[in-house]
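Just so you know, these numbers come straight off a predicted model, no measurement behind them. A note on names: the letters A, B, ... follow the listed sequences, proteins ahead of strands, and every chain is numbered from 1.
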2 protein chains.
Amino acid sequence: MREAEAVCPAGWLGVSADVVVFSVGDDALRVRLQRRHRTPFAGSLALPGTLLRDDESPEEGAQRVLGGDVGLDRVYREQLYTFGRPGRDPRGRVVAVAYFALVPASVAAGLPDGPDAAWHAVDALPPLAFDHAEMVAMAHRRLSAKLAYSTIALELMPERFTLSHLQGVYEVIGGEPLDKRNFRKRIGALECVEPTGETYRAGNHRPARLYRRRTPGRVEIIK
Amino acid sequence: MREAEAVCPAGWLGVSADVVVFSVGDDALRVRLQRRHRTPFAGSLALPGTLLRDDESPEEGAQRVLGGDVGLDRVYREQLYTFGRPGRDPRGRVVAVAYFALVPASVAAGLPDGPDAAWHAVDALPPLAFDHAEMVAMAHRRLSAKLAYSTIALELMPERFTLSHLQGVYEVIGGEPLDKRNFRKRIGALECVEPTGETYRAGNHRPARLYRRRTPGRVEIIK
DNA sequence: TGACATAGTGTTGATTCGACACTAAGTTGG
DNA sequence: CCAACTTAGTGTCGAATCAACACTATGTCA
């Protein structure tokens with residue numbers, strides 16, 4: 001346990017909360033990564049994460065990580081999986097409770113790319129520290145699966161959005177194009193969005209109607 | 001951390017693996033519970049579980065718990081959720097990685113009810129220690145949901161079984177009766193079972209054909 | 001040999017799903 | 001001002017799936 005103590009000072013458990021923070025932008029599903037400065041994996045990219053404090057639940061730890069990364073208060077978050085293979089952290093024993101979070105594009109824009117933290121397209125990730133690549137892959141699968149049976153995609157949308165924009169989010173996550181008419185039929189049947197009456201103008205073409213969520217903050221399981 | 005050290009001796013992490021072990025028998029979904037002898041919750045029933053050893057993954061811990069409860073080697077097992085609310089263990093800080101496992105009725109019969117461990121119908125559980133009732137409830141929901149989109153129910157079946165038996169398992173977990181013809185159509189379409197050619201005689205009525213899994217040990221995601 | 005109990009088997013109507021193409025409305029540039 | 005451009009928005013039809021439903025088959029047992 002000599003090495004483990006380097007990450008396990010008094011008052012801390014060897015349990016971390018790591019968060020796969022997703023957003024959609026530039027026609028890609030993107031994940032927030034931080035540059036590590038300390039060993040191990042110094043210089044590598046890693047998920048935002050923290051060791052749990054004494055008297056802090058994994059949920060709270062995840063929320064603290066999100067809060068630390070500029071006001072990511074109030075974003076969708078759910079537990080993903082717990083990774084506890086001995087040796088996953090070269091320093092010693094750390095069990096990681098992984099979460100994933102969804103950030104609307106409007107909020108993501110407030111988190112600019114910098115030397116220490118930036119958005120990276122999930123389809124073209126560099127090697128990540130620890131087993132974080134596995135976490136990202138699992139989060140991506142889970143998110144993709146949930147598109148089919150929940151309204152979770154709305155958590156990635158700004159307050160007002162067009163149906164084309166929403167369809168783009170589905171396509172980027174699922175990785176395949178969708179039929180426009182079938183998509184709109186499906187969303188309409190869910191009764192999860194409603195038109196605001198406003199329109200959105202962009203480019204030399206017909207403006208699109210803007211929609212908003214009917215029950216903000218509520219992810220419904222459907223069918 | 002004074003109190004926590006009671007459960008966190010050197011060489012151990014304050015992380016446990018707790019397993020919701022399900023089987024189906026007597027027309028009920030049943031869970032394996034152990035009688036606690038030590039404080040806290042002395043005298044209460046609890047899920048089988050253990051603190052992780054140093055250099056042991058949560059998966060290995062869960063498997064060790066299963067192995068300790070008579071030869072529950074080779075049963076289906078998956079990670080359920082991680083419970084880490086501070087205070088969930090009155091002794092101190094323990095983060096519990098919960099699993100659920102499925103035991104075929106034939107194997108479950110080899111684990112008799114005794115003073116220290118017994119099967120209990122999930123529909124009529126006594127109060128459980130810690131947050132174990134929550135774990136059982138979540139495992140039940142997850143199992144029930146998975147019936148619809150996977151072949152997981154086969155993990156609860158003995159090597160050979162009748163379709164009526166299989167239907168009973170679906171009904172007991174889902175909590176509602178199913179139509180016999182639709183059920184058999186659905187199972188047939190999955191191509192996950194095949195007749196053995198044998199029959200099963202029980203009672204004064206027509207014998208039933210016995211089936212076996214086509215790909216033992218493989219849980220398929222369907223549709 | 002007749003009563004009994006569970007095994008086993010198809011059809012039909014309703015619903016859902018997937019494929020598919022054109023018109024609408026605003027912008028822009030000549 | 002009008003023609004070209006670009007994305008928005010809309011409906012039908014055939015296929016597949018799903019849910020409801022009842023009778024015959026085959027063994028045991030008295």
Side-chain angles (χ1 to χ4, degrees), chain A residues 24 26-27 105 144-145 147-151 153 157-158 160-172 174-212 220-223, chain B residues 24 26-27 105 144-145 147-151 153 157-158 160-172 174-212 220-223:
Chain A
V24 171
D26 296 331
D27 285 333
S144 186
L147 288 189
Y149 65 88
S150 78
T151 59
M157 308 308 290
R160 290 171 304 172
F161 52 88
T162 70
L163 292 185
S164 295
H165 184 187
L166 181 58
Q167 181 175 345
V169 166
Y170 273 79
E171 289 174 333
V172 153
E176 56 186 8
L178 299 173
D179 179 84
K180 196 205 289 192
R181 281 168 294 188
N182 292 338
F183 178 78
R184 289 157 109 97
K185 237 184 303 175
R186 187 169 127 215
I187 298 299
L190 294 183
E191 299 184 341
C192 57
V193 301
E194 60 190 5
T196 64
E198 304 156 293
T199 58
Y200 174 73
R201 297 176 162 69
N204 56 336
H205 54 81
R206 175 174 179 173
R209 301 210 282 188
L210 282 167
Y211 289 76
R212 75 176 135 239
E220 316 271 359
I221 303 300
I222 55 189
K223 232 186 8 167
Chain B
V24 172
D26 296 332
D27 285 333
S144 186
L147 289 189
Y149 65 88
S150 78
T151 59
M157 307 308 291
R160 289 171 304 171
F161 52 88
T162 70
L163 292 185
S164 295
H165 183 188
L166 181 58
Q167 181 175 344
V169 167
Y170 273 79
E171 290 173 332
V172 153
E176 55 185 9
L178 298 174
D179 178 84
K180 196 206 287 193
R181 282 168 293 186
N182 291 338
F183 177 80
R184 289 158 109 97
K185 237 184 302 175
R186 186 169 129 217
I187 298 298
L190 293 183
E191 299 184 341
C192 57
V193 301
E194 61 189 7
T196 66
E198 304 155 291
T199 59
Y200 174 74
R201 299 175 160 70
N204 56 336
H205 53 82
R206 174 175 178 175
R209 300 210 282 188
L210 283 167
Y211 289 76
R212 76 175 136 239
E220 315 272 358
I221 304 299
I222 56 188
K223 236 189 1 166

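Backbone-only engagement by B:Ser164 is indicated by non-hydrogen atom pairs under 4.0 Å involving sugar-phosphate atoms exclusively. At a threshold of 4.0 angstrom between heavy atoms, the contacts of B:Thr162 with the nucleic acid are absent.
A nucleotide of DNA chain D counts as in contact with chain B when one of its atoms lies under 4.0 Å from a heavy atom; the first and last such, 5' to 3', are D:dA19 to D:dC29.
Atoms CD1 and OG, on A:Ile221 and A:Ser150 in that order, are 5.0 Å from each other to the nearest 0.5 Å. Atom NZ of A:Lys180 and atom CD of A:Gln167 lie 7.5 Å apart (nearest 0.5 Å).
Under the side chain to side chain donor-acceptor pair (under 3.5 Å) criterion, A:Arg206 pairs with no residue at all, not counting sequence neighbours.
A sub-4.0 Å separation between OP1 or OP2 of C:dA7 and a side-chain N or O of B:Arg209 is absent.
Between A:Leu210 and A:Thr199 there is no side-chain heavy-atom pair separated by less than 4.5 Å. At a threshold of 4.5 Å between non-hydrogen side-chain atoms, the residues A:Tyr200 and A:Pro207 do not count as touching.
Straight-line distance from the NZ atom of A:Lys180 to the P atom of C:dA19: 17 Å, rounded to whole Å. As a whole-Å value, the separation of B:Asp179 CG from C:dT11 C1' is 13 Å. C:dT6 atom P lies 17 Å from atom CZ of B:Arg181, rounded to whole Å.
Here the shortest heavy-atom pairing between B:Ala153 and B:Tyr170 reads CB-CE1, 3.5 Å. The heavy-atom pair separating B:Glu171 from B:Leu178 by the smallest distance is OE2-N, 2.8 Å. Residues B:Arg209 and B:Tyr211 come closest through the heavy atom pair O-CD1, 3.5 Å. Across all non-hydrogen atoms, the minimal contact from B:Gly174 to B:Ser144 is CA-OG, 4.1 Å. Across all non-hydrogen atoms, the minimal contact from B:Ala105 to B:Val24 is CB-O, 3.6 Å.
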If you restrict it to nitrogen or oxygen atoms, what contacts under 3.5 Å exist between nucleotides 26-30 of chain C and the protein, and what is each distance?
residue	atom	partner	partner atom	Å
C:dG26	N2	A:Asn204	O	2.2

Enumerate all atom pairs, one protein N or O and one N or O from nucleotides 13-18 of chain C, separated by less than 3.5 Å.
residue	atom	partner	partner atom	Å
C:dG18	O6	A:Lys185	NZ	3.4

Cut-off 3.5 Å, no hydrogens considered: what does the side-chain donor-acceptor table look like for residues 183-194 of chain B, sequence neighbours left out?
residue	atom	partner	partner atom	Å
B:Lys185	NZ	B:Asn182	OD1	3.3
B:Glu194	OE1	B:Arg214	NH1	3.4
B:Glu194	OE2	B:Arg212	NE	3.1

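Listed by residue number, the members of residues 186-198 of chain B with any heavy atom below 4.0 angstrom from DNA chain D form an empty set.
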